[in-house]
Peer 1: 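Here you go, one structure.
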Number of protein chains: 2
Amino acid sequence: MPADSSATKARILAAGERLFAESGFEAVSLRGVAREADVQIALVHYHFGSKEGLYKAVWAQRYAGLADLRQARLPTVDFDRERVAVLRDLVDLFVTPLMAGPDAHRFLKIMAHEYADPREPERGVVKAYIDPVTRQLLDAFRKALPGLADADVGWGYQAMTGALMMNVVDVDRATRLTGGAARSGDTKAALPALREFIVGGWLALADRRQAGGSAQDAAEGETRQALPE
Amino acid sequence: MPADSSATKARILAAGERLFAESGFEAVSLRGVAREADVQIALVHYHFGSKEGLYKAVWAQRYAGLADLRQARLPTVDFDRERVAVLRDLVDLFVTPLMAGPDAHRFLKIMAHEYADPREPERGVVKAYIDPVTRQLLDAFRKALPGLADADVGWGYQAMTGALMMNVVDVDRATRLTGGAARSGDTKAALPALREFIVGGWLALADRRQAGGSAQDAAEGETRQALPE
DNA sequence: AGCGATATTTAGCAGATGATCAAATACGAT
DNA sequence: ATCGTATTTGATCATCTGCTAAATATCGCT
């Protein structure tokens, strides 16, 4: 077999991954990828068929790693413990891939852009790649919080995902708004806070029924009614 | 002044708002807007100068309403109460504009897309419109949770924002993953859970120092170290 | 050396997009 | 009625996009 095709192919893949992480699928041009990989545009099509093919190749290469990180640890979680302890483990399972090196973090940015992309359904990578793992995690949270309604498990998971993704997507807003106290790219610093926030969110959700004094509930009702429209 | 320019201008604005809410700034074409408004493309430029001009006109028209809803209520919050009660009010302040009618919800979708858009800095609407209000809310949360470090206030706010935005952006995933128990567009159903989650998150963040048994902390440390790369 | 298969380059196409300009139209004031 | 201005239209540009076909290069094999 002629030429070292695998090397250039890998170079294109890496270039694509970098740009997709920066800007998301739509905003990346194949010309940009070609320039970044120091390659002709047609070569991208030769190796990956299409822009979407390149994108999905990135997913195929990287998602497995993230998924394994979660799936491998899931069976080791001991559900016969204090609720908080189990939750901490599960949230950790969900959130720590962030720190699994720059590669994982870069791909997480791709995931975050994908979640928010209005054209995501056309590609279907979330459904194909992420959903299977998510179902397992949903089951795990359902198991950890047996009293929680199925709908609330869904909302909780959604909130958790959103909290994480916003952190990943943010480029400079946190820095700007906190005057540098929280630096936007610094996930290492954000992670403990994020994890604590999410665990607390799940707990509050699970304790919803018995929580909330009647005085506050009344005030809330009033608040809601007072809003226009 | 001839012709009823204001009517067609409003029609274009409404069409733009609808499409921007569906697909975000980049994915909307002026041709689509023109078709939706039953108008020639050039007319969009005549009235709004550019695509970005139309987009910013939508912001100018709608953001004030959302901001007022928050800013008007902010001074009425009584900080001399139980921490939980104050937090509930603040989170409510942040989150209830969701329910202020279909217009507000549509614009919230625009906001959500804007947050996640990698090209957002080029437009700067977040910085120009949202940030000022956000700074006030950040101060309020800082005031409500005096022990919390500035950085953590930032991370908490970011997590809160993300949780809300993910709910708004999601089109069908929640439905798909919960088998219909949680329906994606049903913000009315999601809102109580979302609010509870967020309040719980803030509380957990505030109690971070004294929380967490040493056994769990040890387990966490181990977890983190065990991750590859 | 020369053949065949794989890689890579060159050049270009068709489509869509945002934007622009001159001409046409509609309207109000005079 | 007519003029002048505001509004609307139609046609067109320049640019960018993903993509493709054909020519060329590179290598292993016999």
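A quick note: this is a predicted structure, and the numbers were derived from the prediction, not measured. Numbers restart at 1 for each chain; the letters A, B, ... are given by sequence-line order, proteins then strands.
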Peer 1: Could you check how far CZ of B/R11 sits from P of D/dT7, rounded to whole Å?
Peer 2: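 That distance rounds to 14 Å.
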Peer 1: Assess whether salt bridge (Lys or Arg N to Asp or Glu O under 4.0 Å) is satisfied between A/K127 and A/D131, documenting all intermediate values.
Peer 2: CA-CA 5 Å; A/K127 191 171 180 176; A/D131 277 8; over 6 Å; no
Peer 1: Scan residues 36-54 of chain A against DNA chain C and write down, sorted by residue number, each residue with any heavy atom closer than 4.0 Å; if none is found, say none.
Peer 2: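 A/Q40, A/A42, A/L43, A/Y46, A/H47, in order of number.
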Peer 1: Closest-nucleotide mapping onto DNA chain D: is B/R31 or B/K9 further toward the 5' terminus? I mean the 5' end.
Peer 2: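 Upstream on the strand: B/K9.
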Peer 1: Could you work out, with side-chain contact (heavy atoms from CB on, under 4.5 Å) as the rule, every residue matching B/D139, not counting sequence neighbours?
Peer 2: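 For B/D139, the residues satisfying side-chain contact (heavy atoms from CB on, under 4.5 Å) (neighbours in sequence not counted) are B/R142.
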Peer 1: Using whole Å, report how far CZ of B/R123 lies from C1' of C/dG18.
Peer 2: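 That distance rounds to 15 Å.
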Peer 1: Is the distance from the ring center of A/F197 to that of B/W155 below 6.0 Å?
Peer 2: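 No - the distance between ring centres of A/F197 and B/W155 does not fall below the 6.0 Å cut-off.
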Peer 1: Think B/T8 has a side-chain N or O under 4.0 angstrom from the OP1 or OP2 of D/dT8?
Peer 2: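 For D/dT8, OP1 or OP2 has a side-chain N or O of B/T8 closer than 4.0 Å.
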Peer 1: Between residues 18-30 of chain A and DNA chain C, which residues have a heavy-atom gap below 4.0 Å?
Peer 2: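 Of all residues in residues 18-30 of chain A, none places a heavy atom under 4.0 Å from DNA chain C.
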Peer 1: Give a yes or no answer on whether the side chain of A/T175 reaches the backbone of A/S184 with a donor-acceptor pair at less than 3.5 Å.
Peer 2: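 Yes, A/T175 side chain to A/S184 backbone: donor-acceptor pair under 3.5 Å.
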Peer 1: Does B/A182 offer a backbone N or O that forms a donor-acceptor pair with the side chain of B/T178 under 3.5 Å?
Peer 2: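 Flag set: sc B/T178 to bb B/A182 pair under 3.5 Å.
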Peer 1: Spell out, as yes or no, whether a donor-acceptor pair under 3.5 Å connects the side chain of B/K9 to the backbone of B/V44.
Peer 2: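 A pair under 3.5 Å: no.
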Peer 1: With rounding to the nearest 0.5 angstrom, report the OH to CG distance, A/Y157 to A/L137.
Peer 2: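 CG of A/L137 is found 4.5 Å from OH of A/Y157.
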Peer 1: Which heavy atom of A/T134 sits nearest a heavy atom of B/R173, and at what distance?
Peer 2: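 Of all heavy-atom pairs spanning A/T134 and B/R173, the closest is OG1-NH2, 2.8 Å.
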